[in-house]
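If you're wondering where the values come from, they're calculated on a predicted model, not measured in any experiment. A, B, ... follow the sequence lines: proteins, then strands. Residue 1 opens every chain.
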Amino acid sequence: MLRKFALALLALTLWCSPAAAETYIVAGDCTWPPMETLDKDKTPVGYSFDYIRAVAEAAGFEVEIRNIAWDGIFAGVAAGNYDIVASSTTITPERQKAFDFSDPYYEVRQAVIMPAGKSIAKLEDLKGKSVGGQIGTTGIFVMQKANVGATIREYDDVGLAIQDMVAGRIDAVICDDPVAMYYMNKKAEYAKKLNIPLVTDDAEYYGFTVKKGRKDLVEKLNKGIKIVRENGTEAKLKEKWMGAAN
Amino acid sequence: MQDKIDGQSKGNIVMVTKESAMPDSRDGQSKNTIIMVTEGPSIPDPREWRIVNAWSIALAGAIMTLCWLAWFRPDPYLQILRFVPDGLAATFQVTVLSICCAVPLGLLTGLGRISQNRIINLVASTYVEVIRGIPLLVQIFYFYYALSGMLQLSRTAAAVISISFCYGAYMGEVFRAGILAISKGQTEAARSLGFNRFQTMFYVILPQAWRTILPPIGNECIAMLKDTALVSVVSLPDLMQRARSFANNSYLYFETYTVIALIYLIITLLLSKVVSIMESRLNYYDGKR
Amino acid sequence: MMENDNTTPIISIRNVWKYFGKNAALQDVSLDIAPGERVVVIGPSGSGKSTLLRSINRLEEIDRGSIVVQGQDITDHHNNINVMRRNLGMVFQQFNLFPHKTVLQNVTLAPIKLLKLPRKDAEDRAFALLKRVGISDKANVYPAQLSGGQQQRVAIARALAMQPAIMLFDEPTSALDPEMVGEVLDVMVNLAEDGMTMVCVTHEMGFARTVADRIIFMDQGQILEMGAPDRLFTAPRHPRLRQFLNQIL
């Protein structure tokens, strides 16, 4: 009886562990369209995921994508629950202290979204207003560093922040510009309700995040990114997800 | 004579009627109602005066761990402790306001559930059934985001309303059980003197029921404090959200949540002691001088 | 029939039926009680005697018939039963003192809240009553610290504090240890001597014999025999009464 149980346990362990040595598990928070989101069948889709698939193909490994909540996504990669975070993670000096990053795969800026008809000229104009964003994202960090005297509201995902702004309880939302563009242009329920009065000057770069010390994985990712960029796949993906304008 | 204590003095009085069965269906229930203690640390026994017990070990351990960490590893532990106080204030604010709303709501619900008026009874019972079937997190989302089209609630209001509605239903059951645990003879004695239903409830039944009700209500309040951690989803900067912000900035998940867990533990332990002291105060008429 | 205060019944029970489910606890019971009369109801367990007593102050709602107390129909829902009950003191088998109130508070609660008596007056009245039942020295203790006999005497004082015209006793000594029965009966005898109208359900035959003007024997929800104690105890007519007396005497 005990032996059967042990065998079953062993089988389960084998089944749970990656079947092929070259399959890496990729985590993304699917609340950040168009970079990472869910389609109608609840399958993770988006620019980051297409990109990591292309990288994997170019560098000769397999990926399995999982939807993981943003709050705690870094704790999971540190704990080894998955190998790569592909979730629009901006490479910052603070994050580099705790994790290793691939080369940049996308450039963004922070965009301030406001209800249609409301506007600001610079970040300082947000003084005395309440600004929402997703907890632990660079938008929040930018607001904290700018320290313009705004009340910062942190939400579990950026959609909730925008919903709260449309309901009139906060004045603005700050997030990555592709996400801001997506909510303004592609979401039917927000059509003509939003505008983006401000995009910051400082560029940020997305990187794939791995556990500190996984140099092997970083090398593979960088090799793949180089190929994807040079063979024109990157341009195709940008066209697919951001449209011709970008 | 003084030390002669009748058997009646202990616990709830079991009314024995020699005549045939009472017509009231309530009477069929067990009189020695034990109200199940729900979540939360167990309320310390007020008669327990030994220094070393689970409560004192947990409290001393938590406080000492926190102090030790802050003293010997101020980076990051002292930073974390400096970061969270306003979150603690928000947590307390939501908890206290919710208690102020949920306890009266629970009392009304409990009275409604035992009301002989069928409509009131139905309303109270339906409320309890509906609310108990919906997770608190869903209720918070509902009051804040889903209803935002017709009802603009502030963060605190949405949090307090959803928590009060949720816990009011649970407390209603506690009040109901506590009231039913008081022997029918007490009601009859009061009614026979000429008190009406309402006066009987407030002068005779509730003051006695309160003693049975207090420990589980205290536990509900402590559980409530812990459940306020859920309100960070409406971007209310409580203790939990402060912890999440810090962890998401610093990536020090272990350190941050260790501190937060210890803070929650210390608060709930202290609150359980407060409930225990209140409970012992209510035992004044037990026959022990 | 003479229209005279002494013969107009203070309690008039007419053709009363009471069911618990399908079981008829009272079957067509009629009984008149005169002012100042002391009536003792006896009978085996389940005979309906407590139900009859509890119907008089509407702790049990009767299904058919009428009960008129001091000219007012207590079954009529237009009459305020809470006011009528002030005139009907009741003492229970289980005492039912309020455990969270001191002896004094037990006695003063109803006069203060219902009769709106000033606290001082209510306490004076309470002390006089506690003295009468012989426990004025225990005014400030809680019921749990009293013996059963003491508690029952407080319960009597509590009922008397409303200055009722009628006292109802529902087996007042049945829950007491034998050595405490006497002290409670003494109080009741004392009360009877003062001319209080009393209806008492009891198994204490000695008390019934010395105090009662009239004994009512009930069995299976019916009054089978009634009469003066001497006649009833010495020459019972109904076979069931004879059987009952044989069993308990």
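When the heavy atoms of residues 103-114 of chain C are compared with those of chain B, the residues falling under 4.5 Å are C:Leu109, C:Ala110, C:Lys113, C:Leu114, listed by number.
Closest of all the heavy-atom pairs between C:Pro99 and B:Gln208 is CG-OE1, 3.1 Å. The two residues C:Phe92 and B:Ala189 have their closest heavy-atom pair at CE1-CA, 3.6 Å. Closest heavy-atom contact between B:Val204 and C:His100: O-CE1, 3.5 Å.
Summarising the geometry, atom CD belonging to B:Glu188 is positioned 9.0 Å from atom CG belonging to C:Asn57; distances are rounded to the nearest 0.5 Å. Here B:Ser192 contributes atom OG and C:Leu88 contributes atom CG; the two are 9.5 Å apart, rounded to the nearest 0.5 Å.
When side chains are defined from C-beta on, B:Leu193 counts as touching C:Arg158, because their heavy atoms get closer than 4.5 Å.
By the ring pair (Phe, Tyr, Trp, His ring centres under 6.0 Å) test, B:Tyr203 is found to be paired with B:Phe195, residues two or more places apart in sequence or in another chain being considered.
Other residues, nucleotides and ligands place more than 12 heavy atoms under 6.0 Å from the CD1 atom of C:Ile248.
Put simply, the residue from C:Arg85, C:Arg58, C:Met90 that forms a side-chain contact (heavy atoms from CB on, under 4.5 Å) with B:Arg191 is C:Arg85.
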Contacts under 3.5 angstrom, residues 91-112 of chain B side chains, donor-acceptor by atom type, not counting sequence neighbours:
from	atom 1	to	atom 2	distance (Å)
B:Thr91	OG1	B:Gly87	O	3.2
B:Thr91	OG1	B:Leu239	N	3.0
B:Thr95	OG1	B:Thr91	O	2.6
B:Ser98	OG	B:Val94	O	2.7
B:Thr109	OG1	B:Leu105	O	2.6

Give the table of side-chain donor-acceptor pairs shorter than 3.5 Å for residues 69-76 of chain C, with sequence neighbours excluded, one pair per line with atom names and distance.
from	atom 1	to	atom 2	distance (Å)
C:Gln70	OE1	C:Asn87	ND2	3.0
C:Asp73	OD1	C:Thr75	N	3.0
C:Asp73	OD1	C:Thr75	OG1	2.6
C:Asp73	OD2	C:Thr75	OG1	3.3
C:Asp76	OD1	C:His78	N	2.8

